[in-house]
Participant: 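Structure below; questions to follow.
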Amino acid sequence: MMDITSFFTDYTLRTITLGTAVLGAICGMLGSFAVLRKQSLLGDAISHAALPGIALAFLFTGLKDSNVLLLGALVSGFIGTVWIRGIVTKTHLKTDTALGLILSLFFGFGELVLSYLKKQPDANQAGLDKYLFGQAATLVESDVNLMIIVTGISLVIMLLFWKEFKLLLFDKNYALTLGFNTRIIDGLISFFIVLAIVIGLQTVGVVLMSAMLLAPAAAARQWTNSLGVMVLLAAVFGAVAGVVGTGISASYNNLSTGPVIVLVASVFVGFSFVFSPSRGLLFKQIRLVRNRRDLHLKKTLQFMYSIVEKHDDISRPHAIRILNQFQGYSKGTLRQLEEKNWIEIKGDTWSLTTSGFHTAQNLYNNNVPQS
Amino acid sequence: MNPEIAILLISCLTAVACAIPGVFLVLRKMALISDAISHSILPGIVVGFFITHDLASPWLILLAAISGIVTVWLVEAIQKTGLVKEDTAIGLVFPALFSIGVLLIAIYANDVHLDTDAVLVGKLEYAPFDNWIINSSSSQEGITNPEDFINMGPKSLWTTGSVLLVTLVLLGLFYKELKLSTFDIGLTSALGFSPVILHYGLMSVASVTTVVSFDAVGAILVVALIIAPAATAYLLTNDLKKMLLLSVVFGILAAFGGYYLSMWLDASISGSITTVLGLIFLLVYLFAPSRGLLAVLFRQRRQRTEVSLLTFLLHLNNHDSIEERSVTHLQEHINWGKVRAKKVLKLALENNMISKNGDVVTLSNKGKEFTEKALDYIITNKDEKIEDMKDDFFLFRG
């Protein structure tokens, strides 16, 4: 276990942590758009499709400069995206097939080139493998600077085109009728998603990159219905996942950063799924139980009302025994009804109070006075 | 066994074993489930490896296949909560499981031959040398004779072969049911077959196939072998039987082509197979009759011209005055480019729809009749109105 203070003093570690935090933020930000556009798995396809670009960029230039390689990744990722769109619009193959095809075929071709490079005698290609699973440890300051610049640019563009992005996201046809060029806006969003994926390859790797894009956004989605808040939350979740993941992987030997970050982000998702107040499974279940109980209560009251109705005196006591033929009642519901001051219980008998009578009378009207 | 023949045989068997479930996955729009399964069986394989220490052990295959089915179930469970869409559910589940697998390898199995690189790419190159050896020695004294060990050939050959056999038997038994549930789930359940059982049956077969092929070709290339042959075949035919047959043929073609490509380049076999698959798909995508890119583009252009012609004829039908019918006026009225206008004019003349007198065009009798019919169709939008016109339309396609 590493000393916790070194976490803040160690220069390399600080660079890496900053890098993963920035990466998490931009991925969360742009991932929100991918998730809302139902293009969650496009990220997976693009990140795999970037591999041959990296390998070919190295094959042709012989440079291992990460900017050159990422440029190759950008180009081949974009070709993949365009081809996916071509398959979906021009043939009857469905989106899932197109994504799977491009993903696996591009990746396989990338593997071919990588393995070809590996067999070359003047081998200085070692290290290209890091793009498969990512190695945050190889991040240097210039990489982090690049990330910050890209994040800054995409943030500015996003703020400039915020209205257009939002419109396109939720009502494409309306955007069209208003005269926006949806093709350009569409292309812009896709381009930035590709960009975010490409700069993440070095840190998280081809295989797990899609989760970086999806998980923070999916988690953020559970907490809000507002796009602005969602983007902000996703960026925060992504950044925190990056920092925590880097921290954990630095504290143990042999833990690669990418998978740890992905797992941390997945924990966020799981937590959000369960504990989000409005959409979360836990509160949904609680609401369900509460509603059911409320329904039971009202059904019991309704039944009592149907008995009382036949008598002139509403406060006349009735034996609890006659409720037996009604399935929905229990001692608990009786007590609750009494607490609400709808009935009075004396020994073995119950009687409706005036307020109980009125509530029961208006039970199926919408303007029930809340007791 | 000769390594070359062994590799070719293994890759052919794997390709066929993957192609068959692939056809159904592609048709059911669940192609990406194969991607999810191929990644998330990793933790199953790792745990299985800790227990058995043998990558070809049936227990390991079973464990990994179960984790594949768990993935399918998890994806569906998340989907059912309605918190995220289906594709997001897939995208959330498999990276998490894959990460667990990678970390398990990193923590506990760093030195065994289960490294993360092989997980993605597979080790087809070494498959012929991992042989299944049976000890037939009956002697109890612990003396081992070299002759007592029978070399049964590569393990992968046996595992892949038996999975393929099971797949074929199941396909033969449940072909009708699978076909039905793929195309009409409602009818399937109405007839009393359980779509859920068929669904999970298919998923189990896909899982087991993925696990077995995983060792040979790796996580992502399994996906290629599952999706690509089926997608390519789907561009060529609508007939399920033909599609199955074609995808098997494409799989085998890619296995052979890939092997020789890899020999030539001295590169990874599985990467080469995928590349060949990609090339086959590209060719079919471009040149497939009636569904290929070129055919579609050609058809779209023709249809655009046909619609233009119809617009032109309708315009003539609506206007009687000479100035409305002069060529120059038409050009600016309908607002076509010169080339397009010329093309439409020529087509109309060729088909005797109009007659041209100097600069003024007049609708001929044939053209008038045609336009009336077309109007009829446009107004009523009933198919039978246009049935007998289809031949007329065909005329323009010269």
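Keep in mind the model is a prediction, meaning the values are calculated, not measured. So that the names make sense, note that chain A is the first sequence line, chain B the second, and so on, each numbered from 1.
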Participant: Report the distance from atom CH2 of B:Trp264 to atom OH of A:Tyr116, rounding to the nearest 0.5 Å.
Facilitator: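 OH of A:Tyr116 is found 8.5 Å from CH2 of B:Trp264.
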Participant: If we define contacts as heavy-atom pairs under 4.5 Å, which of B:Ser262, B:Gly278, B:Ala267, B:Gly91 has the most with chain A?
Facilitator: B:Ala267
Participant: Heavy-atom distance under 4.5 Å to chain A: side chain of B:Ile78, backbone, both or neither?
Facilitator: side chain
Participant: Out of curiosity, A:Ser256 OG to B:Leu103 CG, how far, rounded to the nearest 0.5 Å?
Facilitator: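 The CG atom of B:Leu103 is 5.5 Å from OG of A:Ser256, to the nearest 0.5 Å.
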Participant: What's the shortest heavy-atom distance between A:Gly108 and B:Leu221, and which atoms?
Facilitator: CA-CD2, 3.6 Å
Participant: Identify which of B:Gly101, B:Ala231, B:Ala228 forms the greatest number of heavy-atom pairs closer than 4.5 Å to chain A.
Facilitator: B:Ala231
Participant: B:Ile227, B:Ile273, B:Asp87, B:Val26: which one forms the most heavy-atom pairs within less than 4.5 Å of chain A?
Facilitator: B:Asp87
Participant: With rounding to the nearest 0.5 angstrom, report the CD1 to CG distance, B:Ile90 to A:Leu99.
Facilitator: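 B:Ile90 CD1 to A:Leu99 CG: 10.0 Å, rounded to 0.5 Å.
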Participant: If only atom types and distance count, is the side chain of A:Ser115 paired as donor or acceptor with the main-chain N or O of B:Ser268 below 3.5 Å?
Facilitator: yes
Participant: With a 4.5 Å cut-off on heavy-atom pairs, point out which of A:Met212, A:Lys284, A:His48 contacts chain B the most.
Facilitator: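 Sorted descending by pairs with chain B, the first entry is A:His48.
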Participant: Name the member of B:Leu265, B:Val276, B:Leu293, B:Leu279 that forms the most heavy-atom pairs with chain A at distances under 4.5 Å.
Facilitator: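 Result: the option with the highest number of such pairs is B:Leu265.
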Participant: What residue, out of B:Ser272, B:Gly292, B:Ser34, has the most heavy-atom pairs lying under 4.5 Å from chain A?
Facilitator: B:Ser272
Participant: Any chance you could measure A:Phe106, atom CZ, to B:Thr274, atom OG1, to the nearest 0.5 Å?
Facilitator: 13.0 Å
Participant: Let's test your reading of the structure: which of A:Val35, A:Leu103, A:Val113 forms the most heavy-atom pairs below 4.5 Å with chain B?
Facilitator: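 Heavy-atom pairs under 4.5 Å are most numerous for A:Leu103.
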Participant: Heavy-atom pairs under 4.5 Å with chain B are the metric here; pick the option from A:Ser276, A:Ser40, A:Ala265 that has the most.
Facilitator: A:Ser40
Participant: Under 4.5 Å heavy-atom distance to chain A, tell me which part of B:Leu235 shows up: side chain, backbone, both or neither.
Facilitator: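 Looking at B:Leu235, backbone and side chain both touch chain A.
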Participant: What part of B:Leu297 is in contact with chain A, defined as an atom under 4.5 angstrom from a non-hydrogen atom: side chain, backbone, both or neither?
Facilitator: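 The side chain, not the backbone.
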Participant: After noting the C-alpha distance and the side-chain angles of B:Val84 and A:Phe273, does the key distance pass the side chain to side chain contact (heavy atoms under 4.5 Å, CB included) rule?
Facilitator: CA-CA 9 Å; B:Val84 287; A:Phe273 275 5; 4.0 Å; yes
Participant: Is there a donor-acceptor pair under 3.5 Å between the side chain of A:Arg279 and the backbone N or O of B:Leu83?
Facilitator: yes
Participant: For B:Tyr234 and A:His92, take the angle between the two ring planes, folded into 0 to 90°, and tell me which bin it lands in: parallel under 30, tilted 30 to 60, perpendicular over 60.
Facilitator: perpendicular
Participant: Within a strict 4.5 Å, meaning less than it, do heavy atoms of the A:Leu208 and B:Ser99 side chains meet?
Facilitator: yes
Participant: Side chain, backbone, both or neither: which part of A:Leu93 has an atom under 4.5 Å from a heavy atom of chain B?
Facilitator: side chain
Participant: Name the option with the most non-hydrogen atom pairs under 4.5 Å to chain B; the candidates are A:Leu214, A:Ile261, A:Thr95.
Facilitator: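 The residue among A:Leu214, A:Ile261, A:Thr95 with the greatest pair count is A:Leu214.
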Participant: Is it the side chain or the backbone of B:Lys85 that comes within 4.5 Å of chain A heavy atoms, both, or neither?
Facilitator: side chain
Participant: Side chain, backbone, both or neither: which part of B:Asp35 has a non-hydrogen atom closer than 4.5 Å to chain A?
Facilitator: side chain
Participant: Do B:Leu277 and A:Phe109 have side chains that approach each other closer than 4.5 Å (heavy atoms only, starting at C-beta)?
Facilitator: no
Participant: Heavy-atom pairs under 4.5 Å with chain B are the metric here; pick the option from A:Leu281, A:Thr91, A:Ile87, A:Leu213 that has the most.
Facilitator: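 Of A:Leu281, A:Thr91, A:Ile87, A:Leu213, A:Ile87 has the most heavy-atom pairs under 4.5 Å with chain B.
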Participant: Check each atom of A:Ser210 against the heavy atoms of chain B and say whether the ones under 4.5 Å are side chain, backbone, both or neither.
Facilitator: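 For A:Ser210, the side chain is the part near chain B, not the backbone.
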Participant: At a 4.5 Å cut-off on heavy atoms, which part of B:Val296 comes close to chain A: side chain, backbone, both, or neither?
Facilitator: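 Interface part for B:Val296: side chain.
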Participant: Identify which of B:Gln300, B:Arg291, B:Met30 forms the greatest number of heavy-atom pairs closer than 4.5 Å to chain A.
Facilitator: B:Arg291
Participant: Do the side chain of A:Asp96 and the main chain of B:Ala31 share a donor and acceptor less than 3.5 angstrom apart?
Facilitator: yes
Participant: If you round to the nearest 0.5 Å, how far is CG of B:Leu32 from NZ of A:Lys94?
Facilitator: 13.5 Å
